[in-house]
Amino acid sequence: MAAERATRQRIEARLDELVAENRFTIAVVFPLVGAALLLASAAGLVGPPLRYNPYLILFGTAVMRLPLVAGIAPLFDRRAAIATGLLVAYSFGIELIGVLTGWPYGDFSYTIELGPMLFGAVPLGLPVFFLPLVFNSYLLCQLVLGDLARRRAVRLVAVICTVLLVDVVLDPGAVAIGFWSYSGGVFYGVPVSNYVGWVLSATVTVFLLDYGFDRARLLDRLENCDFMLDDLVSFVVLWGSINAVFGNWVPVGVALVLAGGLVKIDRFDVAGLGSGEPGSTEG
């Protein structure tokens with residue numbers, strides 16, 4: 001047991017070092033290159049194998065998720081595994097229901113295959129896209145709210161609002177770039193029902209993550225791991241850029257609000273991201 005613990009700690013320390021030494025590449029370069037390639041795909045400027053290559057998309061997304069993975073790795077125990085497993089199951093279940101019935105997100109379908117598809121309807125890589133959206137919102141609220149986040153009602157409202165802000169940026173960009181489409185929608189092609197669906201998903205997330213992660217340990221890791229929210233930086237860069245190119249100015253404005261929040265809590269420091277210094281990764 002002691003040997004296994006030591007091995008795990010070495011792996012976690014190496015992952016911390018890898019992410020910390022490559023923060024700018026992961027958080028800024030990868031999303032900018034990804035945005036350029038997706039925009040070129042949408043405009044028909046590139047053909048196979050680069051155009052909407054699902055494995056390139058999955059690879060780039062996985063790289064941008066590394067800060068979040070490294071950040072929560074030391075906190076991952078049996079309860080965290082159960083909570084995450086249930087959240088993965090929920091993500092597949094609610095997405096399948098959504099594609100097949102139109103509830104709760106509205107009538108939509110994937111217009112390109114994002115890798116292998118479950119039942120020909122939902123990407124098997126869905127958790128790589130879904131979990132970080134809700135995880136990052138939960139973590140950001142914990143960090144910003146401080147002692148106020150001790151109350152579950154406050155956490156719940158804050159996470160719901162943050163998830164909605166994130167999806168206000170994501171969905172219009174994804175529709176514009178051709179990832180998926182709705183049968184109709186009043187907000188850049190996205191129906192209001194989609195956001196009602198995300199209220200449900202955010203609520204499920206709060207209860208599962210509250211169960212799975214000890215708040216004191218989570219806060220300690222957040223405060224001492226500078227890169228833990230870098231995945232949200234990547235999100236702002238990637239989808240903010242895509243929305244800007246398509247002239248989706250409300251989503252761009254919301255992306256800037258999210259960026260402003262990250263700047264305020266010293267998590268969107270481009271100079272720091274590019275310094276190459278490992279930074280603080282205690283925890």
Undergrad: Salt bridge (charged side-chain N to carboxylate O under 4.0 Å, His left out) between Arg221 and Asp16: does it pass, once the steps are laid out?
TA: CA-CA 12 Å; Arg221 180 63 171 164; Asp16 276 358; 2.9 Å; yes

Undergrad: A side-chain contact here means heavy atoms from C-beta on lying under 4.5 Å apart; do Leu32 and Ser241 qualify?
TA: yes

Undergrad: Is there a donor-acceptor pair closer than 3.5 Å between any side-chain N or O of Asp167 and the backbone N or O of Val163?
TA: no

Undergrad: On the ring face of Tyr211, is Arg79 found with NZ or CZ under 6.0 Å from the centre and within 45° of the axis?
TA: yes

Undergrad: Say whether Val128 and Leu209 are linked into one hydrophobic cluster, either directly or through other cluster members, by side-chain heavy-atom distances under 4.5 angstrom.
TA: no

Undergrad: Hey, does Asn136 have a side-chain heavy atom less than 4.5 Å from the side chain of Val166?
TA: no

Undergrad: When you measure from the side chain of Asp214 to the backbone of Arg217, do you find a donor-acceptor pair of N or O atoms at a distance under 3.5 Å?
TA: yes

Undergrad: For the residue pair Phe130 and Tyr90, does the interplanar ring angle fall in the parallel (under 30°), tilted (30 to 60°) or perpendicular (over 60°) class?
TA: tilted

Undergrad: Under 4.0 Å between a side-chain nitrogen and a carboxylate oxygen: does that hold for Arg150 and Asp147?
TA: yes

Undergrad: Please confirm whether the backbone N or O of Asp220 pairs with a side-chain atom of Asn224, one donor and one acceptor, at under 3.5 Å?
TA: yes

Undergrad: Restricting to non-hydrogen atoms, name the atom on Val252 and the atom on Ala244 that form the minimum distance, rounded to 0.1 Å.
TA: CG2-N, 3.4 Å

Undergrad: Is a side-chain donor or acceptor of Asn248 paired with a backbone partner of Pro251 at a separation under 3.5 angstrom?
TA: no

Undergrad: To the nearest 0.5 Å, what is the distance between CG on Asp230 and SG on Cys225?
TA: 8.5 Å

Undergrad: If we only count heavy atoms from C-beta on, is the Tyr138 to Leu218 side-chain gap below 4.5 Å?
TA: yes

Undergrad: Is the gap between the ring centers of Trp180 and Tyr110 under 6.0 Å?
TA: yes

Undergrad: Parallel under 30°, tilted from 30 to 60°, perpendicular over 60°: which one fits the rings of Trp198 and Tyr105?
TA: tilted

Undergrad: Any salt bridge between Arg151 and Asp210, counting N to O under 4.0 Å?
TA: no

Undergrad: With a 4.0 Å cut-off, would you call Arg8 and Glu12 a salt bridge?
TA: yes

Undergrad: Which heavy atom in Gly173 sits nearest to a heavy atom in Asn243, and how many Å separate them?
TA: N-OD1, 3.3 Å

